[in-house]
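Report on the structure given below.
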Amino acid sequence: MNQDSWAELQLYLDTCLVPFTAMSGKLSPVEATEALERLRDFLDMVEIPFKGRIMTYPAYHYSSTEMSMTLNTLSAELKASGFKYVVIMTADGSFEGVEVSNADLILSHKDLLQNMENKDIAQYVGECIRNLWKK
């Protein structure tokens with residue numbers, strides 16, 4: 001992506017996807033690889049069906065006590081750079097009780113698994129993205 005192509009594509013790429021791995025430094029290399037694979041699989045639920053409208057940014061990998069503030073600041077900065085929507089997705093992290101007001105949508109596979117009995121998570125995630133764009 002260069003400045004000219006961003007100016008041209010910005011009208012279409014209005015949604016920034018921020019992957020959040022939610023790792024601690026206590027994970028072994030095998031566990032870290034597995035966490036990244038779970039995140040990849042969860043991101044596929046958005047990246048594949050909505051290709052062309054979503055731009056995935058580099059992942060924020062580590063969970064910390066400042067996570068909420070950091071993700072909130074990052075979301076505000078991404079919007080200031082030209083994105084209309086910011087979506088944060090994590091496979092292993094939980095956002096229950098966490099406030100990230102500058103993000104437009106926060107999706108946690110872990111939270112969804114706990115709250116959705118036998119429902120199709122991929123379908124639900126797709127609906128959440130489409131509803132975001134309808135606002």
Could you report the tightest heavy-atom contact between [X] and [Y], atom names first, then the distance?
| X | Y | result |
| --- | --- | --- |
| Lys110 | Ser94 | CD-CB, 4.5 Å |
| Ser108 | Gly93 | OG-O, 2.5 Å |
| Ala122 | Met45 | CA-SD, 3.6 Å |

Quick check for you: to the nearest 0.5 Å, what is the distance between [X] atom [atom1] and [Y] atom [atom2]?
| X | Y | atom1 | atom2 | answer |
| --- | --- | --- | --- | --- |
| Ile54 | Ile48 | CD1 | CD1 | 11.5 Å |
| Leu107 | Ile129 | CG | CD1 | 6.0 Å |
| Cys128 | Gln123 | SG | CD | 11.0 Å |
| Cys16 | Glu77 | SG | CD | 11.5 Å |
| Leu13 | Thr56 | CG | OG1 | 10.0 Å |
| Leu71 | Ile106 | CG | CD1 | 7.5 Å |

Donor-acceptor under 3.5 Å (Asn72 side chain, Ser68 main chain):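 Not at all, since once roles are kept as given, no pair shorter than 3.5 Å links the two residues.
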Test item: Ser24 side-chain N/O and Lys26 main-chain N/O as donor-acceptor pair under 3.5 Å: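 Such a contact is found between Ser24 side chain and Lys26 backbone.
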Looking at side-chain heavy atoms only, is the closest gap between [X] and [Y] below 4.5 Å?
| X | Y | value |
| --- | --- | --- |
| Leu112 | Phe42 | yes |
| Phe50 | Arg130 | yes |
| Ile121 | Leu113 | yes |

With Asp104 via side chain to side chain contact (heavy atoms under 4.5 Å, CB included) - residues at least two apart: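 Side chain to side chain contact (heavy atoms under 4.5 Å, CB included) check on Asp104 returns Lys79, Tyr85, Val86, Leu132.
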In terms of hydrophobic clusters joined by side-chain contacts under 4.5 Å, are [X] and [Y] together?
| X | Y | answer |
| --- | --- | --- |
| Tyr62 | Leu74 | no |
| Met69 | Leu78 | no |
| Leu27 | Leu39 | no |
| Val98 | Met23 | no |

Salt bridge (charged side-chain N to carboxylate O under 4.0 Å, His left out) involving Asp14 - partner list, sequence neighbours excluded: Arg53
Sequence-distant partners of Tyr57, ring pair (Phe, Tyr, Trp, His ring centres under 6.0 Å), two or more places apart: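 Once residues adjacent in sequence are excluded, the partners of Tyr57 under the ring pair (Phe, Tyr, Trp, His ring centres under 6.0 Å) criterion are Phe83.
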Geometric class of the Phe95/Phe20 ring pair [parallel <30°, tilted 30-60°, perpendicular >60°]: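 If you compare the ring of Phe20 with that of Phe95, the planes turn out tilted.
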Side chain to side chain contact (heavy atoms under 4.5 Å, CB included) between Ser75 and Val18, worked out: CA-CA 9 Å; Ser75 297; Val18 178; 5.8 Å; no
